[in-house]
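When a ligand or atom number is given, it counts from 1 through the structure's own listing order. Each residue takes its place number in the sequence, starting with 1.
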Amino acid sequence: MGNLEAKQRIDALRKELEEHNRRYYVDNRPSISDYDFDLLMQELIQLENLYPEYISEDSPTRKVGSDLETASSFRQYPHKHPMLSLGNTYNVEELRDFDNRVRRLTSEPFTYNCELKFDGTGINLLYVNGILVRALTRGDGTVGDDVTKNIRTIKQIPLRLNEGSGYPNVFEIRGEIYMPFEAFDRLNAEKQLNEEQGFANPRNAAAGSLKMLNSADVAKRGLQCVLYHLIAEDFDIAEHSEALAAAKRWGLPISEYSKVCDNIDEVIDYINSWDSKRRELPFPTDGMVVKVNRFSIQKSLGYTSKTPRWAVAYKFKPEQELTKVLSVDYQVGRTGAVTPVANLEPVLLSGTIVKRATLHNADQMKLLDLHIGDYVYVEKGGEIIPKITKVELSKREPFAMETVFPAKCPVCGTPLIRDEDEAKFFCPNTENCPPQIEGRFLHFCGRKAADINLGEATVHQMFERGYIRHLEDLYSLSDLQLLSLDKWKEKSLLNYRKSLQESRKVPFNKILFGLGIRSIGETTAKNIASRFKSIDALQKATKEELLEINDIGEGVADSIMDFFKVEANLNTIAKLKEAGLQFEAVGQATVSDELKGMTIMITGNYSIPRETMKQYIEAHGGKVGSSVTSTTTYLLAGAKAGEAKLAKANKLGIPIISEEEFYRIAYKGEGADHAGRSSTDIVIDSGNAVPITKTEQIKHDNNDEPTLF
Ligand code: IVH
């Protein structure tokens, strides 16, 4: 490979891996399996080793994937110690390489602690004087989202440690929040009942649940926790396994599945003993973690920018099962893309029964050379529908029928087309092809879009009856039409009307996402909304201006330009505007109404950046004033507050409040001793961390408080 070619491949891999990281950590909807992701990462690592001139600190090989959202609804805090990832391997030889490396760098004898790798989402808990004071997600490894209130709903996590059990005054402990299979199945069954999209796997469900805004909802999700990494300064213990045993005595949830191994052979035996046994566990695991047990050796081995040198993850290859293909359906999505889906003889795979598997596209089908009745290997990737990885040719019947990709749309009969650089065939009949139209409605009504209370069956019936054709039709349905739908009564009608009313408050970025412009995902819609502020400005944008936005490449820019060329789309926008939907960004997306009706003037410095404070006020429904006037509700005075503003507020009798008082007001004015605990201030030294407020410290048993950031 020449230098230029290598550079191009490196750039492409970085971009692809970053996109997959975002889908995995932010959207909780990965589109490839962990295994395929790791293969891409391996390729990038190798290329960067071969061409060190292209190494960059910004590469996904050097930093952990980030779960931080573009406009986070959570308050963010820096981690006291960076929260890293683990190097991983799928084969035993590489485990031996790891062992050799450690031995080369270490002269003392040591043991390994070998543990199950729980497949959930990382968490960092901070305990001060035995009380849980803060829980942060991994975030980007440096800064995490504060999900304390949600974490407090997980029963296994003690709010107070066992009295007199010898815990250090201040310590952090890291672990995993995961969802057992039973809770996962229950959640997805419930979602199906509500005609909502389910989660692809328990990991995504756990990560998604942890980021919900209402902790009362989190409490119902059945999340669990296991902790595996103690960080304490004034604590005299020499080995990781002892630290975990101590943490267990303090009352913390520690895995019972681990073993101290004397050498790498023992590690490998222990790993092998789990290879099939792990399938009987009631929760998801994706491998084993091997850690050098002695802290002093861990310390001398240290860290790379992304992973510790003293630990490695051995990952289990994705599970596969053999089953029979009964038939193939060709599904038409809302964008017109046609996806072949195989109907299978039901088979149990990673804890759930699988009946269908995606074949992705025509090329993939050809590559597999799939025949009806074939026995195939199915595997779970990132998507909710598993995929077929291989045909077992030895089991093929002599006259099995080949599968042929249709030339026409299986629903409307229009000849399919395929763009040069697209893997998928499309039905170009966007205006009249029923599944495309229904798909557009379902997308628009989705929770991440206009959030209108309509499911698949109802949309289908509305369309069949000719009640809906363009998105705006949702707003002009008559009571008579609605009451004529199956199972619709007065109550459903009221709910629907209420839901339409609520959709008028949905922020612009979500409405923009709901329009279903090809290639515009949730994040891109957010980025566009915060850059252009209104649909009119977006419509006027030149391609060059669009390309300046993060995430937007040629394809996306073209698709935006194309969208505005279609008369029907312009008409829909005009009608939806008339119906009262938001086509302008009004500050940030609103998180709550806690500060509604208040005008808050800010002055001085806070423990969070001023810009974040402004966003906070707006996100909770308040206004940020530009000067102190008689209509100002509060003057929020931070350190080094402006003298003139303080004087003016005093003169006009405007209450002057501190940052801490402000958070208390934002918590609906609940008093500091609401939870009936002592309000002794706990001062935490966490580098440049934001000091936690009194209110947050003492609220341990109130699970349904409004979310602060
Ligand atoms: S140790 C610096 N132990 O796997 C030490 N991690 O793929 C880092 N994980 O980021 C973590 N089970 O979220 C460790 N027993 C275990 C684990 C574990 C699951 C997660 C963790 C980590 C990820 C790396």
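For Tyr90 and Tyr35, the ring centers sit closer than 6.0 Å to each other. Checked against the 6.0 Å centroid criterion, the rings of Tyr257 and Trp274 qualify as a close aromatic pair. Aromatic ring centres of Phe171 and Trp250: separated by under 6.0 Å.
If you look at Lys291 next to ligand 1, the close heavy atoms, those under 4.0 Å, all belong to the side chain. The proximity of Val289 to ligand 1, defined as any non-hydrogen pair under 4.0 Å, is limited to the side chain. Of the heavy atoms in Lys117, both backbone and side-chain atoms come closer than 4.0 Å to ligand 1. With a 4.0 Å heavy-atom cut-off, ligand 1 is reached by no atom of Met83. Contact annotation: for Leu116 versus ligand 1, heavy atoms closer than 4.0 Å belong to the backbone alone.
Interface of Leu84 with ligand 1, defined as ligand atoms under 4.0 Å from a residue heavy atom, comprises 10 (O). Numbered from 1 in the order shown, with element, the atoms of ligand 1 that lie under 4.0 Å from a heavy atom of Arg138 read 10 (O).
For atom 20 (C) of ligand 1, the nearest protein heavy atom (residue, atom name, distance) is Glu176 OE1, 3.3 Å. Nearest protein heavy-atom contact of atom 8 (C) of ligand 1 is Leu86 CD2, 4.0 Å. Counting protein heavy atoms only, atom 15 (N) of ligand 1 is closest to Glu115 OE1, 2.8 Å.
Considering backbone and side-chain atoms together, Phe118 places an N or O closer than 3.5 Å to an N or O of ligand 1. Between Ser85 and ligand 1, no pair of N/O atoms sits closer than 3.5 Å.
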* **Derivation and outcome, ring pair (Phe, Tyr, Trp, His ring centres under 6.0 Å), residues Phe118 and Phe283** => CA-CA 8 Å; Phe118 287 72; Phe283 49 81; 4.9 Å; yes

* Asked: Please walk me through it: do Asp265 and Arg96 pass salt bridge (Lys or Arg N to Asp or Glu O under 4.0 Å)?
  -> CA-CA 9 Å; Asp265 288 319; Arg96 292 192 186 279; 3.0 Å; yes

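Side-chain contact between Glu48 and Tyr54 is absent, with no heavy-atom pair separated by less than 4.5 Å.
A cation-pi arrangement is absent between Arg203 and Tyr178 under the rule of less than 6.0 angstrom and at most 45 degrees off the ring axis.
Of all the listed residues (Trp310, Tyr178, Tyr228), Tyr228 holds the heavy atom that lies closest to atom 22 (C) of ligand 1.
Of the possible donor and acceptor atoms, one in the side chain of Ser165 sits under 3.5 Å from a partner among the backbone N and O of Asn162. Judged by distance alone, the side chain of Glu266 and the main-chain N or O of Asp262 form a donor-acceptor pair under 3.5 Å.
Residue contacts with ligand 1: Pro308 is included, with a non-hydrogen atom under 4.0 Å away.
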